[in-house]
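I have placed the structure first, in the form of structure tokens, so that the comments after it can refer back to it.
Computed over heavy atoms, backbone and side chain alike; hydrogens, waters and symmetry mates excluded. Numbering of ligands and ligand atoms starts at 1, following listing order.
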Amino acid sequence: MEQAIESVLFSEEQLSQITGRLAEAINAAYAGRTVVVVGVLKGSFIFLADLFRRLTMPCELDFMAASSYGNQTTSTGFLNITKDLTADIAGKDVLLVEDIVDTGNTLSYIKEYLLTKGPESVRICTLFDKPSRRKKSITVEYVGAEIEDLFIVGYGLDFAEHYRNLPYVGILKPEIYQS
Ligand code: PRP
């Protein structure tokens with residue numbers, strides 16, 4: 001598996017520092033409130049697990065998943081919700097947690113959807129942001145690190161469902177995704 005990695009972009013230690021900084025900001029912002037933390041599957045699950053255990057306010061946990069309808073989706077931004085919330089978020093503060101924001105399609109669709117459920121607020125926390133790829137304008141309140149348009153894997157992020165279990169984030173060798 002490691003032979004497919006060109007270089008390490010974020011080590012385990014760097015990821016832990018980033019997560020710690022994000023948790024500090026979130027803890028300060030939500031002090032005294034209860035938050036429904038919603039992980040967007042699958043990529044966020046490792047980051048979410050590390051972030052979640054550093055949160056100090058009362059928290060509920062839920063998950064969502066959405067997938068695109070092929071090429072049409074890229075232009076319309078319309079997604080299929082494959083896993084919906086189980087929590088009732090009406091009147092509650094929601095924190096959406098993602099591994100990466102790329103075009104912004106996924107989060108803008110999910111945020112719009114959640115807003116129809118009458119929450120008090122919906123904010124977004126992402127480990128990585130690729131602003132150069134953005135197609136949908138979306139406010140992201142908590143960003144771990146901005147990155148270039150690189151193909152990264154590990155710490156939950158995949159290529160063709162592999163490499164999620166690498167404990168660090170690495171740049172995938174082009175011959176892997178070009179073949
Ligand atoms: C990734 C990532 C985000 C989305 C971001 O998910 O986890 O959900 O893409 O891209 P966007 O901003 O262009 O919408 P992916 O579809 O790869 O699924 P996964 O999380 O199950 O790996």
Side-chain angles (χ1 to χ4, degrees), residues 1 4-6 9-10 14-15 18-19 22-23 26 36-52 61-87 89 94-117 119 122-174 176-179:
M1 187 167 61
I5 303 302
E6 194 163 86
L9 191 61
F10 293 96
Q14 287 171 315
L15 290 166
I18 291 170
T19 307
L22 288 169
I26 293 165
V36 184
V37 178
V38 177
V40 182
L41 295 172
K42 304 173 192 168
S44 69
F45 83 109
I46 295 179
F47 167 55
L48 175 61
D50 285 344
L51 180 75
F52 194 72
L61 177 66
D62 209 339
F63 293 96
M64 283 194 72
S67 68
S68 48
Y69 286 109
N71 287 340
Q72 211 189 0
T73 310
T74 352
S75 48
T76 62
F78 189 69
L79 299 188
N80 181 26
I81 291 175
T82 52
K83 155 87 183 80
D84 205 344
L85 286 182
T86 51
I89 59 166
V94 175
L95 181 67
L96 267 173
V97 178
E98 260 290 18
D99 54 324
I100 190 162
V101 184
D102 193 337
T103 63
N105 279 341
T106 305
L107 276 180
S108 64
Y109 187 83
I110 288 180
K111 185 173 177 180
E112 285 303 310
Y113 174 74
L114 293 184
L115 287 173
T116 67
K117 310 269 179 193
V122 178
R123 289 187 190 172
I124 293 170
C125 172
T126 186
L127 177 57
F128 299 122
D129 188 9
K130 275 187 185 175
S132 65
R133 295 261 307 158
R134 197 73 90 253
K135 287 184 181 159
K136 284 269 172 65
S137 166
I138 182 159
T139 303
V140 183
E141 285 81 0
Y142 307 101
V143 176
E146 283 192 3
I147 58 168
E148 308 278 303
D149 189 14
L150 301 164
F151 205 127
I152 56 170
V153 292
Y155 196 64
L157 288 85
D158 74 311
F159 168 63
E161 295 299 331
H162 287 266
Y163 310 107
R164 293 192 200 272
N165 53 323
L166 286 172
Y168 55 84
V169 170
I171 300 171
L172 197 62
K173 286 182 179 165
I176 305 292
Y177 57 85
Q178 282 167 357
S179 60

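- Annotation: atom 9 (O) of ligand 1 to nearest protein heavy atom, Thr106 OG1, 4.5 Å.
- Aromatic pair Phe10/Tyr155: ring centres not closer than 6.0 Å.
- The distance from atom CG of Leu172 to atom CG of Leu157, rounded to the nearest 0.5 Å, is 11.0 Å.
- Remark: atom 20 (O) of ligand 1 lies closer than 4.0 Å to at least one protein heavy atom.
- With a 4.5 Å cut-off on side-chain heavy atoms, Leu51 and Ile26 count as touching.
- Of the candidates Leu127, Ile110, Thr106, Glu98 forms a side chain to side chain contact (heavy atoms under 4.5 Å, CB included) with just one, namely Thr106.
- Distances between N or O atoms of Gly43 and those of ligand 1 include at least one value under 3.5 Å.
- Within ligand 1, counting atoms from 1 as listed, the ones closer than 4.0 Å to a heavy atom of Gly104 are 11 (P), 12 (O), 13 (O).
- When each of Leu96, Asp102, Val122 is tested with Leu107 by the rule side chain to side chain contact (heavy atoms under 4.5 Å, CB included), just one qualifies, namely Leu96.
- Nearest to atom 10 (O) of ligand 1 among the protein's heavy atoms is Asp102 CB, 3.4 Å.
- Here Ile100 contributes atom CD1 and Ile147 contributes atom CD1; the two are 4.0 Å apart, rounded to the nearest 0.5 Å.
- Annotation: atom 5 (C) of ligand 1 to nearest protein heavy atom, Ile100 O, 3.4 Å.
- With a 4.0 Å heavy-atom cut-off, ligand 1 is reached by no atom of Arg134.
- Contact annotation: for Leu107 versus ligand 1, there are no heavy atoms closer than 4.0 Å.
- Atom CG of residue Asp129 and atom CD of residue Glu146 lie 5.5 Å apart, to the nearest 0.5 angstrom.
- Ranking the protein heavy atoms by distance from atom 2 (C) of ligand 1 puts Asp99 OD1, 3.4 Å first.
- Counting all heavy atoms, side chain and backbone alike, Ile152 lies closest to Phe128 at CD1-CD1, 3.8 Å.
- Ligand 1 places these atoms under 4.0 Å from at least one heavy atom of Thr103: 11 (P), 12 (O), 13 (O), 14 (O).
- Residue contacts with ligand 1, taken as heavy atom pairs separated by less than 4.0 Å, involve Asp158 solely via side-chain atoms from C-beta onward.
- With rounding to the nearest 0.5 angstrom, the CD1 atom of Ile138 is 5.0 Å from the OG atom of Ser108.
- Residue contacts with ligand 1, taken as heavy atom pairs separated by less than 4.0 Å, involve Glu98 solely via side-chain atoms from C-beta onward.
- Distance check on atom 12 (O) of ligand 1: some protein heavy atom falls below the 4.0 Å cut-off.
- Heavy atoms of Glu161 stay at 4.0 angstrom or farther from ligand 1.
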